[in-house]
Amino acid sequence: MSGRAVDDSREALVVGEVRPIVHVGDPVLHHPCEPVTRFDGELKALVDDMFASMYAAEGVGLAANQIGVPLRVFIYDCPDADGQHHKGVVVNPTLELPGVGERHLDADDEGCLSVPGQYAPLPRADRATVHGFDADGEPVTVEGTGLLARCLQHETDHLDGHLYIDRLPAKRRKQVLAAYKEAHSAIADKPPL
């Protein structure tokens, strides 16, 4: 998930390798990811690379398929509605939202590292919970409000093969994609220095 205000100190202890972020249109983003079955050094190295990649891209969340790895893993590093900062990894997450009668929607803007530079208002539940595992295979539950709730929903969507733009009304989705393509082609048309 794309973030606008990022704390530069987050990168201080990063040990992973920065991998390129996959952009909208790449098939890995549009198919459900496979469950993780091995909790080993390879998974921990992937998580380290994900944090390095997310920080380099100035994001607040990242799913494994956003760096081309189709596994059910996401990371996050963002505040909740009270400004309390949360950082972690969730493997094989299951998303839980409040019931329809208890759900309050937050219609804030949302962005995505896989659709860089584009934001659109998207109603999401203002509270969310994910259940899953950490990188060692230990059970974890993350409860979020505010930006953290949005991030938990956004990253779980990625692992199910959906981008935030897939939840937008068709006309708004087309506008976001057109703006992304225009910005992307303008960058590609610039001569190398």
Peer 1: Within the structure provided, determine whether P32 and D160 are in side-chain contact (heavy-atom separation under 4.5 Å).
Peer 2: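 The answer is no, as the side chains (C-beta and beyond) never meet within the 4.5 Å cut-off.
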Peer 1: Any idea which heavy atoms bring A107 and P121 closest together, and the distance?
Peer 2: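 The answer is O-CB, 3.7 Å.
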Peer 1: Taking the side chain as every heavy atom from C-beta outward, state whether H23 and P116 have any atom pair closer than 4.5 Å.
Peer 2: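 Contact flag for H23/P116 side chains = yes.
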Peer 1: How far apart are the closest heavy atoms of A64 and L46, and which atoms are they?
Peer 2: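 Taking every non-hydrogen atom into account, CB-CD2, 4.4 Å.
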Peer 1: Spell out, as yes or no, whether a donor-acceptor pair under 3.5 Å connects the side chain of D80 to the backbone of H86.
Peer 2: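 No, D80 side chain to H86 backbone: no donor-acceptor pair under 3.5 Å.
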Peer 1: Got a second to check how far D157's CG is from C112's SG, nearest 0.5 Å?
Peer 2: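 One finds 10.0 Å between CG of D157 and SG of C112.
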Peer 1: Please find the pair of heavy atoms, one from V91 and one from F39, that lie closest to each other, and give the distance.
Peer 2: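 Taking V91 first and F39 second, the nearest heavy atoms are CG1-CE2, 3.7 Å.
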Peer 1: Compare every heavy atom of P79 with every heavy atom of L147, then report the nearest pair and how far apart it is.
Peer 2: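 So the minimum-distance heavy-atom pair works out to CB-O, 3.5 Å.
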Peer 1: Locate the shortest heavy-atom distance separating L148 from Y76; write the atom from each residue and the value.
Peer 2: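 That closest heavy-atom pairing would be CD1-CD1, 3.8 Å.
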Peer 1: Between V69 and Y55, is there shared hydrophobic-cluster membership here, with clusters defined by ILVMFWY side-chain heavy atoms closer than 4.5 Å?
Peer 2: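 The answer is yes; both residues are in one hydrophobic cluster.
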Peer 1: Side chains of D136 and K44, heavy atoms from C-beta outward: is any pair under 4.5 Å?
Peer 2: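 Yes; the side chains approach each other to less than 4.5 Å.
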Peer 1: With a 4.5 Å cut-off on side-chain heavy atoms, are C33 and R72 touching?
Peer 2: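 Yes, their side chains come closer than 4.5 Å.
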Peer 1: Can you check whether V28's main-chain N or O pairs, donor with acceptor, with D26's side chain at less than 3.5 Å?
Peer 2: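 Yes: the side chain of D26 pairs with the backbone of V28.
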Peer 1: If you round to the nearest 0.5 Å, how far is CG of L159 from CG of L29?
Peer 2: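 That separation rounds to 11.0 Å.
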Peer 1: Do V22 and N65 have side chains that approach each other closer than 4.5 Å (heavy atoms only, starting at C-beta)?
Peer 2: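 Side-chain contact under 4.5 Å: no.
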Peer 1: To the nearest 0.5 Å, what is the distance between CE (M54) and CG (D77)?
Peer 2: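 CG of D77 is found 5.0 Å from CE of M54.
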Peer 1: Enter the distance from H30:NE2 to H158:NE2 here, rounded to the nearest 0.5 Å.
Peer 2: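 These two atoms lie 10.0 Å from each other.
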Peer 1: Determine whether Q153 and L95 satisfy the following criterion, side-chain contact (heavy atoms from CB on, under 4.5 Å), listing intermediate values before the conclusion.
Peer 2: CA-CA 7 Å; Q153 294 168 78; L95 179 66; 4.1 Å; yes
Peer 1: Please tell me whether V47 and V142 are part of a single hydrophobic cluster in this structure, the criterion being side-chain heavy atoms less than 4.5 Å apart.
Peer 2: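 V47 does not cluster with V142.
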Peer 1: Taking T145 for its side chain and A81 for its backbone only, find out whether a donor-acceptor pair lies under 3.5 Å.
Peer 2: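 At least one qualifying donor-acceptor pair exists.
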Peer 1: Hey, any chance V73 and V18 share a hydrophobic cluster, counting ILVMFWY side chains that come within less than 4.5 Å of each other, even indirectly?
Peer 2: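 They do not share one cluster, since no chain of ILVMFWY contacts under 4.5 Å joins V73 to V18.
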Peer 1: Just verifying a value: how many Å separate D106 CG and L122 CG, rounded to the nearest 0.5 Å?
Peer 2: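 Spacing of CG (D106) from CG (L122) equals 9.5 Å.
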Peer 1: If the test is side-chain contact (heavy atoms from CB on, under 4.5 Å), which one of R124, R173, E110 qualifies with R167?
Peer 2: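 Among R124, R173, E110, the one that satisfies the side-chain contact (heavy atoms from CB on, under 4.5 Å) with R167 is R124.
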Peer 1: Linking I/L/V/M/F/W/Y whenever their side-chain heavy atoms sit closer than 4.5 Å, directly or via other members, would V90 and L71 fall into one cluster?
Peer 2: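 No; L71 is not reachable from V90 via cluster members.
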Peer 1: Are L163 and Y119 connected, step by step, through hydrophobic side chains (Ile, Leu, Val, Met, Phe, Trp, Tyr) whose heavy atoms are closer than 4.5 Å?
Peer 2: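 No, no single cluster joins them.
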Peer 1: A side-chain contact here means heavy atoms from C-beta on lying under 4.5 Å apart; do L43 and F133 qualify?
Peer 2: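 No, their side chains stay 4.5 Å or more apart.
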Peer 1: Considering residues, nucleotides and ligands other than Q175, do more than 12 of their heavy atoms fall under 6.0 Å from its CD?
Peer 2: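 More than 12 within 6.0 Å, yes.
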Peer 1: Can you check whether I21 reaches I67 side chain to side chain, under 4.5 Å on heavy atoms?
Peer 2: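 In contact.
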Peer 1: If you look at every heavy atom in A179 and Q118, which pair is closest and at what distance?
Peer 2: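 Closest approach of A179 to Q118: CB-OE1, 3.1 Å.
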Peer 1: What distance do L152 atom CG and F74 atom CZ have between them, rounded to the nearest 0.5 Å?
Peer 2: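 So the CG of L152 and the CZ of F74 are separated by 5.0 Å.
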Peer 1: Just wondering, more than 12 heavy atoms not from R19 lying within 6.0 Å of its CZ?
Peer 2: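 Count over threshold, so yes.
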